[in-house]
Each structure stands twice: as structure tokens, then as C-alpha cells.
Amino acid sequence: MRKPFYVTTPIYYVNDRPHIGHSYTTIAADLLARFHRISGREAFFLTGTDEHGSKVAEAAEAAGLEPRQFCDRVVKHFKDAWEKLSIDNSDFIRTTQDRHVRAVRNLLNVLRMAKTDAGEEVIYSGLYEGLYCTACEKFLTEKDLVGGVCPDHNTPPALLKEKNYFFRLTAFTDKLRKLIEKEELIILPEERRHEVLGLFKQGLTDFSISREHVTWGIPLPFDESQVCYVWVEALCNYITAIGYSADEELFKKWWHEADAVHLMAKDILKFHCIYWPAILMAAGLPLPNKIFLHGFFTVDGAKMSKTLGNQIDPNELVEEFGPDAARYLLLTQYPFGVDGDIQRSNFVRKYNSDLANDLGNLVSRVAKMIIANYDGKLPPPTAKLEGSRELIGKAEELSESVIDHLYNFRIGAAIDDTIGLVRLTNRFFDGNAPWKLVKEGDTKRAGGVLYACSEVLRIVSILLYPTMPNKAKEILSIYGLGEDELDIGLARTFFQLKPGTEINFKDAVFPRLKEQKKSEVAEMEKEEKSSEMIDIDEFARAKMVVAEILEAEKVSGADKLLKIQIDIGDEKRQIIAGIAEYYAPDELKGKKIVVVRNLKPATIRGIDSNGMLLAAHKGKKLYLVTPEGDLPPGTLLS
RNA sequence: GGCGGUGUAGCUCAGGUGGUUAGAGCAGCGGAAUCAUAAUCCGCGUGUCCGGGGUUCGAGUCCCUGCACCGCUACCA
């Protein structure tokens, strides 16, 4: 019996909705877990959400919710998205769950008691010295400052000391570096390993594991005035979900004995490859076996961003292609591990060529011939077919190469090899032209061709199951096969299907999608552009006038909002503006600004807003639009 | 500034330890076939393998150097 397999994704921060980046990691983890399961190992696949920290608390407040309520709401988006993508995780951990809080506090106690090899305390209290902006209520790094002042408030930060607990990372760096060098802790791909070793070379310092000013988090068990640093706590999810300090047997199986793999994108390398192993060492726990960091991808050559509007919502992808193809398409765009580019136009093209034309069409042409000529019963195999030796050989070897690829995280290569066999099978089919044989009366040989192709489809289905679980089962079910046949061992040998088996084929497995012609795409782009253009009448519909600010005050309970009284000449108005982070109420008084007068009134946080002021962002700063000359309030802009 | 990565056909990318005419998929062009989801199959690429040096009998593959892009990290500030 091989070691059980434990795979994790990062726990996703609930500040954000699930996007294609989260999906990518999660699908890959699901794929690996499913693969190991059908190759006869037990597998545990963990994902979840990271719910503590000041950013979550702020986001909750902005939404007018309690943090816990807010989290519940966002978590649902994640769970729904994973269900839609046929993600079969063994557990879903939330850092706000009691089991996690208890385990983290236990671990912190263990660390508190632990000593380094030199006999020093692993956790020590010290002073965190930093530049604190009282208006922001947070520490700023020197990088955040612009000209020595807080860019948001234009005030110099105070040098403040706060008591923190520190983790003595420096006592573990040598040992950890050696483990990575000796590849006892395997960091993949190689470039990432170099990057980690580079961090050691540059020197590392102890890091703070607690915060004084954060409230939404887990209090330290030995000092309740402090909250555990969200990263430290989040990392612990990998062991708290599998029974650390709660279920000894479970924990032994999945952490001490299993092959543990952490999967993630490369941006969180330092936390996972240095902090986390060091914490585990300090606590006397085994390290994970492998940490795999995949790359980033761009969409149509551009970084994904909300402002560019090129974020891909996984739900939309599933709606368009279905869960199986969505998984397939995401993981076949570029090799797993490196950075790459995802092109939207490629999705439809690749769906049609690989799935509809090659795989789906093979399924149909084989099934339909069996139904038409063999009374819907699988004919027996025959010898002496053109190219059958090659076909059978390749088919029987395929599982070995897929296993090799997937053990080494070459997901794309595993899939490509499998589709390669499908292509070979289409060639085999054409080479033997069973439709011609049937016409010539040689139904025996024609049947042999159909049998061989069916066998390939059986093998291919097993090997594609980790990527496309539903479709794999669907193809197997055509041959009357169920989940018991989802076993890599059964993909190794040809001639498993029983002649005479009833064929249950109804609809195309991967219906072909309409591809937009280039001319149509160009047409649409043109339309989009021209529809972006407006004529002067449309512009004139927006009545923008000069306004003078009479009063401004903060909206209580909202960080970003100001309630502003303005004079627009013939009347006085109240507007709500999201500029509190950039302008203090007093400095606004008397300022002349530009507002849209005829914007539909809105109620923001229960307060009426009649109009909108104009402002523009530059980097992290925001500037109000002001008239250059001394225009009186009410002057219409044109 | 340091470290690391990338740069190969129109597009996306393969190309262990250097070795015959540099590959795949997609797109494009031509043809065959008609069982099948207008799907399939066959044929078609004179690519400065980013530039320049070097090592070698021989380099996309090793060394040096330059350029472009990306990532990590530092410092100046």
C-alpha cells in the first residue's frame, strides 16, 4: 500500500470573490487528488477560506455587516464556485471555525514552550517599531510614504513602538536551508527553489507573529491582548483541518504518514517555503514533502484586473463550456508551473478541436456505427488490422506516461499525451475505413476496428477522469461501465471490454460550439468602439456645474464616505462622496469643485445624495476636479 | 544594484547529459473520404532558434557579452 496523498490549496482570502486564479489552483489540486485516488492511494484534498485580519473587518464594515456575517456570505461564493467546477474536496476549512481557533491556540502554546537548539525561547516578546499613521490606524512602511508623509492623510507618521511577539526564525534558517538543499523539503519548480535559496542568502530576520491593534483574529493564548498575525494563523489550516491537537489518529495518518503537497501560486512563496516549515520545525512537527508553486497567467496578454475588466469569472466559464471542459481548457493553455497567457479566443478553438472534433467525434462515429450495424452490441475484436499493433502498444503504454507526468506535476503533458492517443485512434479508424468494410460485407473486420476504438475510449476515459470527471464517466457509461472501472490499473491492458455489451449512446459528448469568425470579431470590436463614442447631445445630457463646498463631515460608520453640503448657485444640496480617505472634512470647506447636477438621487447608507462630484485617481492619490478661474457656483460646464 | 526566469514557425508552446534535413497543436493553403458533432484523414513551413563573440570536428542546447520583457529582493530616497 502506498502512502496516502495529502494535497492542499491555499485558503483563499474572503476579501475577494473567487476568480479564475483561485480556480486554477483548486482545479489542479482536485485533479491530483482524483488521480491519486484512481491509482490506488487514499487522498485527502483540503481547501478553504482565510477569514481573519483587519482587511476583512474593514470590508465587512463597509458592507454594513458583522465580520462573521460578511464571511459567511463570501464563503458561499467560493463553495458554489467549487461545486460548479466539480471540485471534490475532502474538507473545507474556515479559519473562523472553532476547530481552527482551538488548534491554533494549541500550536501557539507549544511554540511558546519550545526552545531552540541553543536553548533560547522560540517565541519572545519584543518591540515592533514602526511608522504609525493615526488617521489610518495602521503601520506604514517607508515605501508607503510619499515625501515623508502619509499619502492618504498628508500627515507625517509617528514613530511608534508596539509590543509584539516574535518568532525566532533565525534559529532555524540553517537547518531549513540544508533541508531544501538536500531536497528533503522539495520545492518545485526548480526556479522557485532557487528563489527560496536566494532568500536565505540575503538573510532573514525574526518575524512578528502578533498584532496589537487588530481585533478580528485569534487572541494569543498567553497574551489575550494580542491577536495572532493572520498569516501565521492561516498557514496552520493545513494541519488543523486534519486533526492537529484534536484527533491523533487522523493527524498521524495525514500529516506524519502521508505525502503532503502544498499547491499554490508563486506569490506566497516566502510564507510557505520559509515561515511555515520553520514553524513546524519549532513545534517538532514533520514538514510537508513538497511545495509546488505554479505561475501567474495573463488574459489576452494583459494582467488580470478589475479596471481592465478582463477578469474571468469561473461561473461564466462553466456556463459556457460546462465544468469538465472549463477544467480542461484552463489546464491546457500552457504548461503547469510556469507563467503563461490565456487567450479567450483559444477556449472555443481548443474546445472544438480537442474535445468536439477529436474526442467527442470519435465517440460518436464509433458508437453510431455499432448501433447501425451491430444491433447496438459491441462486436468482438479481430486480428490483422492496419496499425492495430501500434495502437494497442501506445494505448497500453499511455497510463505509464500519464502517471509519470502527474507524479511530476506535468498536468498539461499528461493531458496532451492522452489526446494524442485519441488522434492516433482517429487515424486508425480512417486507415481501416470500417464503413467501407461494412459495404464490402466484411462486418467481422469492421467490428474489430470498432472494438479497438472502443477500447481506446475506455482507457482514455480513465486517464482523463481526473481532468474531466463527469465526461469520463459519461463515456464509460456508453459501454455500460461504472465507477468501479475508474482504476489506472485497468487502463494498462487492452481487451477489457466484453463483446456483446449493449451500447448506450444518445447525444454528442462535447457538442461543437460556434466559433466567432475573425471578421465577426473585428466587426464586434468596431461596434464596441463606435458604441463607446457618444455625440454631443449625449454629452450635453450630463449637466455638470461648478459647486462650492459649504460643509463636509464624515459619515459615521463608513471609512470612505463624506457627507458634503454644496452650493450650486440656485440651490443648496447634499451629496455623499467616497473621498474620505483622501480629503479631511475641514480642508474641503470653501473649495470649488465640479458636480454632476442631474444624476439620479441615491441613498447611500441611509443618507440622501443628490449629485456626484468629479475626481480622478492618480496612483494611490485622488484629486478633485476644480475650476481654474473664479467661476461662480452654478456655472454650467460645456 | 543583486539574484532568478523568459526570448524557437502567423499564434500557444516542446526541444534530459551538445551530434543526422529544429518539432507539436492551432490557424492557413491544396487534396481524399463521407462512418461521424460540415467532424475525420493525407500533403504543404527557405523559421537570422533575440543580437554579438567564444569553446568544439559539431551548439537552439555549454561559456562570455549585449538587448528586450517578467519575477523576487535591496538600496537610494
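Below, read A as the first sequence line, B as the second, and so on, with proteins coming before strands; counting in each chain starts at 1. What you see is a predicted model; the values in this text were computed from it and never measured.
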**Asked** Looking only at atom C1', what distance separates rG1(B) and rA74(B), rounded to whole Å?
**Response** 7 Å

**Message:** Let's test this: given Watson-Crick or G-U wobble pairing with both distances under 3.5 Å, identify the partner of rC13(B).
**Reply:** rG23(B)

**Request:** Grab the CG-P distance between Leu199(A) and rG4(B) for me, whole Å please.
**Result:** 13 Å

**Asked** In whole angstroms, how far is the P atom of rU73(B) from the CD atom of Glu191(A)?
**Response** 17 Å

**Fill in**
Note: for Asn426(A) and Lys270(A) on RNA chain B, the residue whose nearest nucleotide lies more 5' is Asn426(A)

**Complete:** In short, side chain to side chain donor-acceptor pair (under 3.5 Å) pairs touching residues 384-403 of chain A with sequence neighbours left out are Glu390(A)-Lys394(A), Glu400(A)-Arg492(A), Ser401(A)-Asp417(A)

**Asked** Looking for any heavy atom pair under 4.0 Å, which part of the strands does Val366(A) touch: base, sugar-phosphate only, or nothing?
**Response** nothing

**Request:** Could you please name the partner base of rC3(B), counting Watson-Crick and G-U wobble pairs only when both distances are under 3.5 Å?
**Result:** rG71(B)

**Asked** Would you say a side-chain N or O of Arg427(A) is under 4.0 Å from OP1 or OP2 of rC42(B)?
**Response** yes

**Nearest-Å distance for atom pair CG/P, residues Asp267(A) and rG4(B)** = 22 Å

**Request:** In whole angstrom, give me the gap between the P atoms of rG19(B) and rC63(B).
**Result:** 15 Å

**Request:** Scan every strand shown for a Watson-Crick or G-U wobble partner of rA77(B), both distances under 3.5 Å, and answer none if you come up empty.
**Result:** none

**Request:** Identify whether any heavy atom of Gly360(A) sits under 4.0 Å from a base atom; if not, whether one sits that close to sugar-phosphate; answer base, sugar-phosphate or nothing.
**Result:** base

**Request:** Not counting sequence neighbours, which residues clear salt bridge (charged side-chain N to carboxylate O under 4.0 Å, His left out) with Asp416(A)? List them please.
**Result:** none

**Fill in**
In whole angstroms, the gap separating C1' of rC11(B) from NZ of Lys350(A) amounts to 12 Å

**Asked** Which residues within residues 434-462 of chain A lie with some heavy atom under 4.0 Å of an atom in RNA chain B?
**Response** Trp435(A), Lys439(A)

**Prompt:** For the side chain of Arg365(A), counting heavy atoms from C-beta on, which of rU40(B), rA27(B), rG25(B) is nearest?
**Reply:** rU40(B)

**Prompt:** Charged N to carboxylate O below 4.0 Å: is that the case for Asp313(A) and Arg17(A)?
**Reply:** no

**Request:** Select one nucleotide: of rA39(B), rC35(B), rC72(B), the one nearest the side-chain heavy atoms of Phe429(A).
**Result:** rC35(B)

**Fill in**
Interatomic distance, OG@Ser353(A) vs CZ@Arg423(A), rounded to 0.5 Å, equals 6.5 Å

**Message:** For the residue pair Tyr24(A) / His19(A), report whether a side-chain donor-acceptor contact shorter than 3.5 Å exists.
**Reply:** no

**Message:** Strictly below 4.0 Å: does Asn357(A) bring a side-chain N or O up to OP1 or OP2 of rU40(B)?
**Reply:** yes

Got a list of protein N/O to nucleotides 7-9 of chain B N/O distances below 3.5 Å?
none

**Request:** Can you tell me the pairing partner of rC44(B) across any strand shown, Watson-Crick or G-U wobble, with both distances under 3.5 angstrom?
**Result:** rG28(B)

**Message:** Check this for me, if you would: do Arg410(A) and Asp404(A) make a salt bridge, where the nitrogen-to-carboxylate-oxygen distance has to be below 4.0 angstrom?
**Reply:** yes

**Under 3.5 Å on both distances, the Watson-Crick or G-U partner of rC49(B)** = none

**Item:** For rA39(B), the Watson-Crick or wobble partner whose two distances fall under 3.5 Å
**Value:** none

**Prompt:** Base, sugar-phosphate, or nothing: which does Asp358(A) touch, judged by heavy atoms less than 4.0 Å apart?
**Reply:** sugar-phosphate

**Fill in**
So CD1 of Ile274(A) and CG of Leu204(A): to nearest 0.5 Å the spacing works out to 4.5 Å

**Request:** Only pairs at least two apart or in different chains count here, so list each ring pair (Phe, Tyr, Trp, His ring centres under 6.0 Å) that has a residue in residues 351-387 of chain A.
**Result:** Phe321(A)-Tyr351(A)

**Request:** Using distance alone, with no hydrogens and no angle criterion, decide if Asn357(A) and Asn352(A) have a side-chain donor and acceptor under 3.5 Å apart.
**Result:** no

**Request:** With sequence neighbours left out, write down each residue that passes side chain to side chain donor-acceptor pair (under 3.5 Å) with Arg192(A), or none if nothing qualifies.
**Result:** Glu195(A)

**Message:** Between Leu269(A) and Val196(A), is there a side-chain heavy-atom distance shorter than 4.5 Å?
**Reply:** yes

**Asked** Which part of the nucleic acid, if any, lies within contact of Ser364(A), taking any heavy atom under 4.0 Å across all strands shown: a base, the sugar-phosphate backbone alone, or nothing?
**Response** base

**Prompt:** Hey, is the side chain of Arg512(A) poking within less than 4.0 Å of OP1 or OP2 on rA39(B), counting only N and O atoms?
**Reply:** yes

**Message:** Any base atoms under 4.0 Å from Arg192(A), or only sugar-phosphate, or nothing? Heavy atoms, all strands.
**Reply:** nothing

**Fill in**
The Watson-Crick or G-U wobble partner of rA59(B), with both key distances under 3.5 Å, is none

